[in-house]
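I have placed the structure first, in the form of structure tokens, so that the comments after it can refer back to it.
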Amino acid sequence: MKDSLVLLGRVPAHPDSRCWFLAWNPTGTLLASCGGDRRVRIWGTEGDNWICKSVLSEGHQRTVRKVAWSPCGNYLASASFDATTCIWKKNQDDFECVTTLEGHENEVKSVAWAPSGNLLATCSRDKSVWVWEVDEEDEYECVSVLNSHTQDVKHVVWHPSQEMLASASYDDTVKLYREEEDDWVCCATLEGHESTVWSLAFDPSGQRLASCSDDRTVRIWRQYLPGNEQGVACSGSDPSWKCICTLSGFHSRTIYDIAWCSLTGALATACGDDAIRVFEEDPGSDPQQPTFSLTAHLPQAHSQDVNCVAWNPKERGLLASCSDDGEMAFWKYQRLEGL
Amino acid sequence: MAGGQDLFDAIVMADNRFHGEGYQEGYEEGSSLGVIEGRQHGTVYGAKIGSEIGCYQGFAFAWRCLLHSRATEEDSKKMKVLESLISMIQKFPYGDPTYANLHEDLGRIRGKFKQLCSLLNVQPDFKISAEGSGLSF
């Protein structure tokens, strides 16, 4: 029996344009959206309705591709095709651009804050990943420029508890980075996808990483430390990553985004076939070879490609999605009782 | 009859033999032309890399002199990155085109240079030409 995904509402977030990405703030009370109209909008609820509380319109000259909230919730970073990343400081309902990070040669594709709040990562079509450090005076400094990928880097995400960074690229690989003796280095390369890797998500514990790709599969990777019980080989002191599960045959087009719910462990995907899907790990499945089942499938969730899915960090089952059709939608996911 | 067989053999197999000899000659000539072309290509490509790294080195040495006179705390961070870049450039094995980590090390040098430019707040705008750079006023 399929579990349910119920539509709560739709909002034309970026009319006449694409809505590229959504990000919930850490308390789950605000949602930031960004789009092809070069704007970032901040949404909040008033009763049952979602209303636009702020529009950040003077920051970028081109499409804003991703937005990310700092762990404290007081800052928002926006990554744009104009090759810059803006840092906005929240002052009640107003946002002020406090810094613009430059350096990438062309379109910035993603930005992410480390859980410590002291580090920020950006990645670009120029094939590089930049790591920035921020101090108490809101001064940003580049601490590393990583040239490990051989093509456009699509997404960066930080590990939930370790200071480790992951990146996904048009070169079909996922790379992981760590700081070693004052310098950031690539400590692992995950190969297996047969086409562009579009997005990544760590599970709540950080032991597993999910990746989604243009090859229409989702892969789940697990970290093995040196001396592990399962006998997975590691080189030196670097952990090894192995693909422990591949979800194929479920998506009919490119999978653009994946989100792993920190409250429930459910995995949501955003697909080029306009559908949203949710997967959950089968109870009792072997941790080294887990199996996942499709628990919800909503075709025509949007009228065009779904670009992003985002689970609310505080409210169980609340999922937001956005699309090339410029709209954002809210969904309630619940497992139906009775087997 | 042994003499008769040899005579016919030479005539009948002539086509095959010429084909084989022609192929062999062509292969050898092609190989030596290929080596010459490869050498030219390698020279140009090597010069480009050398020129690029030379630019980074010159840039780093100049800035090292400029920053030496100042000794503020934030400058010490810049100096650290500067010294790291210079060290990477000096360790690079220029004489070994078969060095296994060539591209990886080049990537690290380029990354370190970009980071340095970001810290110094300087936009890199070098024109690297194979014809050699000249001063213009």
Side-chain angles (χ1 to χ4, degrees), chain A residues 83-85 87 99-106 108 118-151 153 156 165 167 169 171 173 175 177-189 235 238, chain B residues 45 48-53 55-57 59-60 63-64 66-67 70-93 99-128:
Chain A
T84 71
T85 304
I87 309 294
T99 311
T100 301
L101 303 178
E102 292 175 341
H104 278 299
E105 291 170 29
N106 45 46
V108 187
N118 296 333
L119 296 172
L120 188 74
T122 57
C123 68
S124 160
R125 183 168 68 83
D126 68 8
K127 308 173 197 167
S128 68
V129 171
W130 288 49
V131 181
W132 307 80
E133 200 171 65
V134 52
D135 64 18
E136 307 80 36
E137 277 123 49
D138 288 352
E139 295 287 326
Y140 288 78
E141 200 174 77
C142 174
V143 294
S144 192
V145 173
L146 297 150
N147 288 320
S148 305
H149 279 295
T150 55
Q151 296 288 354
V153 191
V156 277
L165 182 65
S167 64
S169 165
D171 68 10
T173 69
K175 284 183 185 273
Y177 311 88
R178 250 204 334 233
E179 197 175 9
E180 245 164 59
E181 292 167 15
D182 277 350
D183 231 340
W184 284 80
V185 294
C186 174
C187 60
T189 300
S235 71
D238 279 339
Chain B
Y45 190 65
K48 276 197 186 137
I49 293 179
S51 182
E52 186 189 344
I53 301 191
C55 271
Y56 299 156
Q57 190 176 45
F59 178 88
W63 275 97
R64 186 158 65 172
L66 288 171
L67 291 180
R70 296 145 53 166
T72 67
E73 201 195 291
E74 63 170 51
D75 283 348
S76 77
K77 234 182 208 170
K78 293 170 188 170
M79 281 301 283
K80 204 161 163 232
V81 173
L82 236 173
E83 293 297 343
S84 175
L85 176 63
I86 291 173
S87 156
M88 271 188 218
I89 290 173
Q90 285 169 343
K91 282 201 191 109
F92 191 76
Y99 173 53
N101 292 340
L102 191 98
H103 288 288
E104 200 182 299
D105 282 7
L106 264 178
R108 285 180 60 226
I109 290 173
R110 287 173 179 141
K112 194 54 77 172
F113 173 70
K114 282 239 149 113
Q115 185 200 350
L116 183 63
C117 287
S118 176
L119 291 174
L120 295 172
N121 211 2
V122 169
Q123 303 311 319
D125 183 25
F126 301 119
K127 284 180 184 43
I128 295 156

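First the proteins, then the strands, lettered A, B, ... as listed; each starts at 1.
Heavy-atom pairs under 4.5 Å with chain A were tallied for B/H103, B/R108, B/K112, B/E104; the largest tally goes to B/K112.
Neither the backbone nor the side chain of A/E139 comes within less than 4.5 Å of any heavy atom in chain B. Looking at A/W184, neither its backbone nor its side chain comes within 4.5 Å of chain B, counting heavy atoms on both sides.
When all heavy atoms of A/V145 and B/Q115 are compared, the closest pair comes out as CG2-N, 3.8 Å.
Atom NZ of B/K114 sits about 13.0 Å away from atom OG of A/S144, to the nearest 0.5 Å. A/E133 contributes atom CD, which lies 5.0 Å from atom NZ of B/K77 (distance to the nearest 0.5 angstrom). To the nearest 0.5 Å, atom CG of residue A/D182 and atom OG of residue B/S84 are 9.0 Å apart.
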